[in-house]
Amino acid sequence: MNLFDGSYELKEIQRLEGHTDRVWGLAWNPTTGADGVPAVLASCSGDKTVRIWQQSPLTGSFDCKAVLEETQTRTIRSCAWSPSGKLLATASFDATTAIWEHIGDDFECVSTLEGHENEVKSVSWNASGSLLASCGRDKSVWIWEVLPGNEFDCVSVLQGHTQDVKMVQWHPSMDVLFSCGYDNTIKVWAEDGDDDWSCVQTLGESNNGHSSTVWALSFNASGDKMVTCSDDLTIKIWGTDIIAMQSGDGNATWSHLCTLSGYHDRTIFSVHWSREGIIATGAADDAIRLFVENKDGLVDGPTCKLFLKKDKAHDMDVNSVQWSYSVLQLDMVYAITCTEYGPENAANLFGSPEQNNPDNRLLASASDDGMVKIWKLTSLP
């Protein structure tokens, strides 16, 4: 039986109010939400602030525990937690990336990274937390090495995009970096033997890529598939040989697997692939859509189907959708991954099933309406 046979609903469980301008980005702290540690979510906004929301272990509701402000002077476009959950990076239109450290009950700005010519659009940590990537309107991608004492050293400035770079994202388990943007491409960056970074592949319209701005990308749990979303109203699935990548081949080729079209009629701004295989999208039509792999055996090769659509999820554009890390059902995925990649690789990717709370599936969304919403995916009787 398919995990998603039957009827489901995306139920709004809370509205998080406080931002006074559009909310651009969201990030769940990956070390929270399990083993008795309350879930923590960060949101960033055009109001120049970041809000830290923490879930109450008693009521399950989220409360604002901190407001990070008066450090960056323009819109904060993106936020990302380090793998340890101790540091939060925030990217701003003031051309800076701020690094915040969680100390006790407070957050302190411990470093400000400068170098981009203008708006910084996205930040991402690698799997080990040793590298931070940033990108911006200046068409560049920067890679920063994390040094002791909260020092950051720029080790590479990557020039390859011809227009505004909308997003950077590290591969979930390897030091291979992906970027996408206004030039309609996704670029894959890897380090060579001389400690230099270079573009090893460009996914564009000539190889079944997008025909307009690529806004976001996300990986599945095992890292062998990637999903991208675009202003061309499609989402695309890409695949690679994960075994070759794990053997140290950063040049392992990514190829187009399928295109999902006809589901969106306005720009798709955000896409996020949950660890159990649900792809969520947020778009300019104010709706949230969920897709799952089609396993009916009637078609050749991988494809996905629309699983659920939530109309009027927000009053305005949905800028970000993010599945929580620790509250997803992982037992089935864990078992499959053990079979395909071995128990050690499965544990590295997911942790053990016991470390995760299987009771619900939470999705956070952010919108131009200034609202952050928490959703729960539940099965109907």
Side-chain angles (χ1 to χ4, degrees), residues 14-114 120 122-134 144-153 320 322 324-327 357 362 364 366 370-374:
Q14 193 175 354
R15 300 184 179 197
L16 309 184
E17 302 181 25
H19 284 296
T20 58
D21 202 331
R22 67 186 62 184
V23 187
W24 282 110
L26 298 166
W28 293 94
N29 187 317
T31 65
T32 67
D35 298 328
V37 180
V40 171
L41 176 71
S43 59
C44 58
S45 168
D47 65 10
K48 311 170 191 174
T49 73
V50 177
R51 286 180 172 262
I52 308 297
W53 311 88
Q54 182 173 299
Q55 188 175 27
S56 166
L58 297 178
T59 66
S61 64
F62 286 80
D63 299 306
C64 183
K65 292 298 184 182
V67 179
L68 314 186
E69 56 188 345
E70 299 180 354
T71 294
Q72 292 170 302
T73 59
R74 294 184 62 194
T75 290
I76 302 178
R77 181 64 176 81
S78 171
C79 54
W81 294 97
S82 65
S84 68
K86 298 295 186 183
L87 298 176
L88 179 70
T90 60
S92 172
F93 283 6
D94 70 3
T96 71
T97 298
I99 308 297
W100 303 82
E101 184 175 8
H102 190 194
I103 303 172
D105 293 330
D106 297 322
F107 286 82
E108 178 182 341
C109 182
V110 294
S111 189
T112 300
L113 312 183
E114 299 179 345
V120 187
S122 175
V123 283
S124 176
W125 302 85
N126 70 340
S128 66
S130 61
L131 297 171
L132 179 72
S134 61
W144 308 82
E145 183 180 7
V146 184
L147 302 175
N150 291 320
E151 296 290 332
F152 290 77
D153 180 34
S320 181
Q322 289 287 313
S324 61
Y325 283 85
S326 301
V327 296
N357 178 353
L362 295 182
M371 197 76 63
V372 176
K373 291 188 178 184
I374 307 295

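Remark: W100 engages no residue in a ring-ring contact (aromatic ring centres under 6.0 Å, His included) (not counting sequence neighbours). For D105, the side chain to side chain contact (heavy atoms under 4.5 Å, CB included) test picks out no residue, with sequence neighbours left out. Not counting sequence neighbours, the partners of T20 by the side chain to side chain contact (heavy atoms under 4.5 Å, CB included) test are D47. With sequence neighbours excluded, the residues that form a side chain to side chain contact (heavy atoms under 4.5 Å, CB included) with S122 are S78, C135, M167, V168. Contacts of F107 classified as ring-ring contact (aromatic ring centres under 6.0 Å, His included), with partners at least two apart in sequence or in another chain: H102. Checked against side-chain hydrogen bond (donor to acceptor under 3.5 Å, both in side chains), S56 has the following partners two or more places apart in sequence or in another chain: T59. For F93, the ring-ring contact (aromatic ring centres under 6.0 Å, His included) test picks out no residue, with sequence neighbours left out. Not counting sequence neighbours, the partners of K373 by the salt bridge (Lys or Arg N to Asp or Glu O under 4.0 Å) test are E12. For I103, the side chain to side chain contact (heavy atoms under 4.5 Å, CB included) partners at least two apart in sequence or on another chain are E101, E108.
Using modelled atom types, one finds a donor on one side chain and an acceptor on the other under 3.5 Å when comparing Q72 with T96.
Applying the salt bridge (charged side-chain N to carboxylate O under 4.0 Å, His left out) test to every pair with at least one member in residues 76-97, sequence neighbours left out, gives no pairs at all. Pairs of residues two or more places apart, or lying in two chains, that qualify as salt bridge (charged side-chain N to carboxylate O under 4.0 Å, His left out) and include a residue from residues 61-75 are R74-E119. Evaluation of the ring-ring contact (aromatic ring centres under 6.0 Å, His included) test over residues 39-88, restricted to residues two or more places apart or in two chains, returns W28-F62.
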